[in-house]
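Shown next, in structure tokens, is the structure this report addresses.
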Protein chains: 2
Amino acid sequence: MAHSLIDSLEARGVRLTRQRRVLADILDNVGRHVNAQDLLTIGKQRDSSINRATVYRTLRLLKQEGLIDELDLLHFEGEKHFYEPRPRASHVHVGCGRCGAVVELESGVPEVLAAEVRDRTGFEPDSIRIEVRAICPTCRNTP
Amino acid sequence: MAHSLIDSLEARGVRLTRQRRVLADILDNVGRHVNAQDLLTIGKQRDSSINRATVYRTLRLLKQEGLIDELDLLHFEGEKHFYEPRPRASHVHVGCGRCGAVVELESGVPEVLAAEVRDRTGFEPDSIRIEVRAICPTCRNTP
DNA sequence: CTTCCTGCAAACCTTTTGCATGCCT
DNA sequence: AGGCATGCAAAAGGTTTGCAGGAAG
């Protein structure tokens, strides 16, 4: 698969161990935001020797390489962090403050903002995180 | 002072104790993002009996009332959370990934985004947090 | 042989909670 | 008296680290 985390790691000359492959593959394919515990649980199903410390160390590596983004989803679920491969298209996380449902919205807003930051602060944007707390339609209609 | 946290608490009928006044006042006037430890340290200078638990309980109260926003500033400083009175004008936090400098940028982008979220997801936005990781001009010019 | 990855367990750090005390109404 | 607010200490919960063993180059 092109642009996969594994490919990106390879391109950077990072040593690809079996466990790193498993964890990167999960992040690429799970299709939702996972936290460290999720990653450990799913990973263990494929390689039961995977350890918590390795999960965190791999996440740190991927973060340092700029290949994944770390989110806290507005603390809807406490202090856990959630991870996703750094998206090609900018998007926005919208979470319901009542029921915790999280949806993603693709939007041109992040690009607009990046330009604005560049022009008005002189800072060169590297990654943009946008999180919206909201009330979903279902919760709004059920008091 | 109009629109102060203390006024807002009063308007909501929340019991205003001495310690809550001190903490709210600090949040209103410190002019930067403070974390719980900062708040405790500064608060103790004015009322040495203030305890960590009270700081957290007061922060929780203010959060629940929607009077302050909780930020993590992209984990530049670990797991600490930072707080600021909920701003009248929407703004964006821009942090330098190299030196950690954080600047705020007032922008119309949050309002635009709120409208987009409403229109395209049906979720009703309540608060929007935008954090940008960037490289500041100084760091860009000093390799 | 050297370097880096891993498991294990302990340590860390921030935040939360249970309980007894005390203040305010 | 009743209802919160508070101090204290312990717990909780997620994340990080020191160290020894092992795999890879």
Side-chain angles (χ1 to χ4, degrees), chain A residues 5-6 9-10 12-27 33-65 68-83 100, chain B residues 5-6 9-10 12-27 33-65 67-83:
Chain A
L5 289 176
I6 292 175
L9 286 173
E10 242 163 24
R12 283 150 206 258
V14 173
R15 182 149 142 205
L16 269 182
T17 64
R18 165 171 175 71
Q19 303 199 345
R20 286 180 181 171
R21 273 179 217 278
V22 168
L23 296 173
D25 185 59
I26 292 168
L27 285 166
H33 304 119
V34 293
N35 57 44
Q37 181 57 52
D38 295 337
L39 204 47
L40 177 60
T41 303
I42 300 171
K44 270 181 180 294
Q45 294 168 9
R46 292 207 225 163
D47 179 344
S48 63
S49 71
I50 289 181
N51 183 272
R52 199 179 352 150
T54 298
V55 168
Y56 283 108
R57 289 193 270 235
T58 301
L59 286 171
R60 182 201 292 167
L61 174 65
L62 291 168
K63 274 189 282 180
Q64 284 172 345
E65 296 293 332
I68 59 173
D69 281 332
E70 184 179 41
L71 316 166
D72 61 28
L73 299 181
L74 290 156
H75 306 114
F76 284 153
E77 299 188 37
E79 299 315 302
K80 289 194 270 295
H81 298 161
F82 295 84
Y83 303 90
Chain B
L5 288 176
I6 292 174
L9 285 172
E10 240 164 24
R12 284 150 204 258
V14 173
R15 184 151 141 204
L16 269 184
T17 63
R18 165 169 175 73
Q19 303 199 343
R20 287 179 182 172
R21 273 179 219 275
V22 169
L23 296 173
D25 185 58
I26 293 168
L27 285 166
H33 303 119
V34 292
N35 58 43
Q37 181 57 54
D38 294 337
L39 205 45
L40 177 60
T41 303
I42 300 171
K44 270 180 179 297
Q45 294 167 9
R46 292 207 226 163
D47 179 344
S48 63
S49 71
I50 289 181
N51 182 272
R52 198 179 353 151
T54 298
V55 169
Y56 283 107
R57 290 194 270 237
T58 301
L59 287 172
R60 181 200 294 168
L61 174 66
L62 292 168
K63 274 189 284 180
Q64 284 172 346
E65 296 292 333
L67 299 177
I68 59 174
D69 282 332
E70 184 179 43
L71 316 166
D72 61 28
L73 298 183
L74 290 156
H75 308 114
F76 284 152
E77 299 189 39
E79 299 315 301
K80 290 196 268 294
H81 298 162
F82 295 83
Y83 303 89

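Labels below follow one simple rule: chain letters A, B, ... track the order of the sequence lines, proteins then strands, and each chain is numbered from 1.
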Please collect all salt bridge (Lys or Arg N to Asp or Glu O under 4.0 Å) contacts where either partner lies in residues 42-51 of chain A, sequence neighbours excluded, each pair once. A:R18-A:D47, A:D25-A:R46

CG of B:L59 versus P of D:dT6: gap in Å, rounded? 12 Å

Sequence neighbours excluded, the answer for side chain to side chain contact (heavy atoms under 4.5 Å, CB included) partners of A:D38 is A:R32, A:V34, A:N35

Once side chain to side chain contact (heavy atoms under 4.5 Å, CB included) is applied, do any residues pair with A:L61, and if so which ones, sequence neighbours excluded? A:V14, A:R20, A:E65

Residues forming a side chain to side chain donor-acceptor pair (under 3.5 Å) with A:Q37, sequence neighbours excluded: A:T41

Is the shortest heavy-atom distance from the side chain of B:L9 to the side chain of B:L62 under 4.5 Å? yes

Every protein N/O within reach of nucleotides 20-25 of chain D N/O, cut-off under 3.5 Å:
from, atom 1, to, atom 2, distance (Å)
D:dA24, O4', A:R15, NH2, 3.4

Would you please test A:V22 and A:I26 for side-chain contact (heavy atoms from CB on, under 4.5 Å) and show each step? CA-CA 6 Å; A:V22 168; A:I26 292 168; 4.0 Å; yes

note: A:R60, atom CZ; D:dT15, atom P; distance rounded to Å ~ 12 Å

Atom pair distance, as rounded to whole Å: CD in A:E79 and C1' in C:dT17: 15 Å

Assuming nearest nucleotide by heavy-atom distance, tell me which of B:S48 and A:E70 is located more 5' along DNA chain D. B:S48

Is the phosphate of D:dC4 approached by B:T17 (side-chain N or O, under 4.0 Å from OP1 or OP2)? no

At a heavy-atom distance below 4.0 Å, what parts of residues 50-57 of chain A sit against DNA chain C? A:I50, A:N51, A:A53, A:T54, A:R57

Any base atoms under 4.0 Å from B:Q19, or only sugar-phosphate, or nothing? Heavy atoms, all strands. sugar-phosphate

In whole angstroms, how far is the P atom of C:dT15 from the NZ atom of A:K80? 16 Å

Between B:H81 and C:dT15, is there a side-chain N or O to OP1/OP2 distance below 4.0 Å? yes

For the pair made of CG in A:L40 and P in C:dC8, what is the distance, rounded to whole Å? 11 Å

Set of side chain to side chain donor-acceptor pair (under 3.5 Å) partners for B:T17, sequence neighbours left out: none

With sequence neighbours excluded, tell me which residues meet side chain to side chain contact (heavy atoms under 4.5 Å, CB included) with B:E79. A:H81, B:H75

For A:N35 and D:dG14, give me the distance from atom CG to atom P, rounded to whole Å. 8 Å

Expressed as a whole number of angstroms, how long is the span from A:R21:CZ to C:dC5:P? 13 Å

Give the rounded distance in Å between these two atoms: CG of A:L61 and C1' of C:dC4. 12 Å

Using side chain to side chain contact (heavy atoms under 4.5 Å, CB included) as the criterion, list what pairs up with A:R60, not counting sequence neighbours. A:Q64

